[in-house]
Amino acid sequence: MVKSVIRIKKITIKNLKNVANGSLLFDNHRKNYKSSVLGLYGQNGSGKTALIDAIALLKFALCGRPIPKQYADFVNVDADAATLEYEFTVKDTDKKAEYNVGYSFSLKKEIEKNTVNVDDNSVELSEEEKTVIFDEVLSYSYECGDKKIRKTAIVDTRTSDVFLPKSKYTVLTGNEDEKDLFVAKKIALATSRSFVFSKELLNCIRKNCEERYHVFLFNALTKFGNFELFIINTKNSGLISFDELPLFFKCSNKSGNAVGNLPIPLNDSGVIPEQAFEVVNNVIKNMNIVLEQLIPNLTIGIKVIGTQTMKNGETGYIIELISKKNKKEIALRYESEGIKKIVSILQLLIVVYNNDSITVAIDELDSGIFEYLLGEILRIISEKGKGQLIFTSHNLRPLETIDKGFIAFTTTNVNNRYIRFSNVKNNNNLRDFYYRDIMLGEQDEPVYETTNNYEIALAFREAGDISGS
C-alpha cells in the first residue's frame, strides 16, 4: 500500500444542479493548521449540497464505480452537460515528493433504448436513463528534490484515440496494443464509469509503466477514493456503515480479512457475519470513549437478538444498537435524532481528527445537534485535528468558534456561487458580520435573496382563505 497524503485544494463546479459556475478554495492561508476544514453556509437552494454531490461524484470516479443514474438529473436544466474540476496536493511521504494534480470530467444524461421480447411475435422498446462520464483529463506537476516536472496533461480522453498525448500513452502503457484499451474505454462509457481509473487502464499502467512516479500517483488516487474519502449525506446519516471505515479498521478481525459492507441501521436491527462481530464491537468501544465526553453518561452497545443463516451459508448475528444512560438501556431507535446523528458520524470525526490522509464531507452537519456542542466539536477538530473536513450547515454557531479562514458562503449569483468574505477583521464576529451582510449587502455578491415579511404574511392569509373555502 502506497504511503501518501492527499488534500483537496480546489473544486470548480459548472452546470451542476443550480450552480452554473462556482469555485471553492480549501486552503486556509490565515494560520498554519494541520487540519483542513471548510464549512459552507448559505440560504436554502443556493448550492451547498451541490458541493457534497460533486465530492460524491469524485469518489465514484476514483473508485471506478458506475455513477448512479439519478446523477444524470443533476445536470443543470439549461445545460447539456455538467463539468467538474478538482485540484489536489499529493505527497509521497517516503520519497518526500509532492504532486500538484488536476482532474476533470463532464457528465450528461443519455437515453438508452433496449429491446424486450414479449413473445415470439412481438418486440417492445424500453427506454432507460443513464449517466455518462466523458472528457476526462488528468494532469499534474511533480517535485522531488532537484527533479521538477511542470504541470502537463498525462491522460486526456477528449480524442477518438484511447487518450492523448501520444508521448504519455507510450510511457504509461509501454505501447501495448491499443485494441484492448479502446474496448475498455467504450465499456467504461457504456457503464457510466471512469476510464482513467478503470481496472483495465490501471492494470496496464502498473504492468508496463517504468516511470514509477507515474504509477505512484495512480495508486495514491485510487487508494484515496476507496479508503480515505468519505461522504455522509442526508440519505445515509441514519446508519453506521462499516463499509465507510478506513482499511485499518476493516482488517482488524482475527483472520486479518476485510469485514466487507456492513451498514448497521440506527432505527432497526441488522445482520452481520459472525467473524465481523469483534470488529464492530471494537469500533463501538472506541466511539464510546468520545461519546461519553460529548454526551455525559451516554454510551452505546450491541444487543444480539439471535442468529441467522446468511446467503453465503455462514452464520450471522442479528443485532440492534442500544443506548446506555444512567444504567438504563433502551433501543437506540428511540433516542433523539440529534444523538443518532452524532452516533452516525462519530466514527469518521474520530478518524479525521487522528489521520492526515482522511477527507470527510458531511451534508447538514448541524442537523439535530445542539449548537454549542457543534461549535465545540468543530473548534477542536479545526485546531487540533489532522485530516480534512468539509461540511455544510445552517447553524451559525461555528462562525463564532472556528477560524474565519475555514468558512465560505453561497451567493444568489448562479454564475459565481461561492465566495469568501472580504474585509473581515480579526476582532469581527463572523456570525454578526454575516447577518449584517444579509441586510446591507456589503460583499461583491449578494448572499441572500431578500424576502418581504408583509408579502409572506399576506401569502399565509391568502392560503388560509383558499384552504378554508
Side-chain angles (χ1 to χ4, degrees), residues 56 59 63 65-66 68 226-227 230-352 354 358 360 362-364 367-369:
K59 183 175 179 70
C63 294
R65 298 178 188 170
N226 282 281
F227 304 117
F230 307 101
I231 296 93
I232 300 293
N233 55 36
T234 54
K235 292 181 180 179
N236 59 14
S237 61
L239 51 83
I240 302 177
S241 176
F242 288 82
D243 187 46
E244 292 292 292
L245 283 174
L247 189 63
F248 51 81
F249 275 142
K250 284 182 160 184
C251 290
S252 59
N253 58 11
K254 289 182 179 179
S255 62
N257 296 321
V259 299
N261 187 8
L262 294 175
I264 299 178
L266 307 183
N267 296 312
D268 203 351
S269 59
V271 180
I272 63 171
E274 183 179 14
Q275 64 174 359
F277 184 82
E278 182 184 353
V279 177
V280 175
N281 200 43
N282 287 337
V283 172
I284 295 294
K285 287 180 180 179
N286 287 334
M287 289 171 60
N288 280 332
I289 296 172
V290 180
L291 186 60
E292 281 188 286
Q293 302 304 316
L294 298 179
I295 307 171
N297 302 317
L298 176 69
T299 59
I300 61 173
I302 303 173
K303 181 179 181 180
V304 179
I305 301 174
T307 60
Q308 175 179 310
T309 302
M310 304 179 70
K311 290 182 179 180
N312 59 5
E314 296 181 359
T315 300
Y317 287 131
I318 304 171
I319 66 169
E320 182 176 29
L321 294 178
I322 59 173
S323 71
K324 305 175 184 179
K325 192 170 186 179
N326 299 324
K327 298 182 180 180
K328 295 181 180 180
E329 295 183 359
I330 64 170
L332 187 62
R333 71 178 77 178
Y334 299 122
E335 285 286 4
S336 69
E337 292 303 314
I339 286 178
K340 286 186 282 188
K341 178 62 179 278
I342 290 173
V343 169
S344 70
I345 65 176
L346 185 54
Q347 55 169 330
L348 291 178
L349 294 181
I350 293 170
V351 174
V352 83
N354 288 283
I358 297 294
V360 175
I362 304 176
D363 196 19
E364 296 187 13
S367 177
I369 301 179

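Predicted model only: the values in this text are computed from it and were never measured.
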Asks: Just grab all the salt bridge (Lys or Arg N to Asp or Glu O under 4.0 Å) pairs involving residues 312-324, residues at least two apart or on different chains.
Replies: E320-R333
Asks: Cation-pi check for F230 against K59: NZ or CZ below 6.0 Å from the six-membered ring centre and within 45 degrees of the axis, yes or no?
Replies: yes
Asks: Which of these, I231, I232, L348, sits in a side chain to side chain contact (heavy atoms under 4.5 Å, CB included) with I362?
Replies: I232
Asks: Excluding sequence neighbours, so at least two apart, what forms side chain to side chain donor-acceptor pair (under 3.5 Å) with S367?
Replies: none
Asks: Please report the closest heavy-atom contact between I319 and V304, naming both atoms and the distance.
Replies: CG2-CG2, 4.3 Å
Asks: Any side-chain heavy atom of I339 sitting closer than 4.5 Å to one from L298?
Replies: yes
Asks: Go through L266 and V343 one step at a time and tell me if the side chain to side chain contact (heavy atoms under 4.5 Å, CB included) criterion holds.
Replies: CA-CA 9 Å; L266 307 183; V343 169; 4.2 Å; yes
Asks: Determine the sole option in I300, D268, N267 for which the side chain to side chain contact (heavy atoms under 4.5 Å, CB included) test with L332 is passed.
Replies: I300
Asks: How far apart are the closest heavy atoms of I302 and F277, and which atoms are they?
Replies: CG2-CE1, 4.0 Å
Asks: Evaluate the side-chain hydrogen bond (donor to acceptor under 3.5 Å, both in side chains) criterion for residues S323 and E335: first the C-alpha distance (whole Å), next the side-chain angles of each, then the deciding distance (0.1 Å), finally the verdict.
Replies: CA-CA 8 Å; S323 71; E335 285 286 4; 2.7 Å; yes
Asks: Would you say I289 and N286 make side-chain contact, with heavy atoms under 4.5 Å?
Replies: yes
Asks: Please report the shortest heavy-atom distance between T307 and I318, naming the atom on each side.
Replies: O-CD1, 3.8 Å
Asks: Between I350 and M287, which heavy-atom pair has the shortest distance, and what is it?
Replies: CD1-CA, 3.9 Å
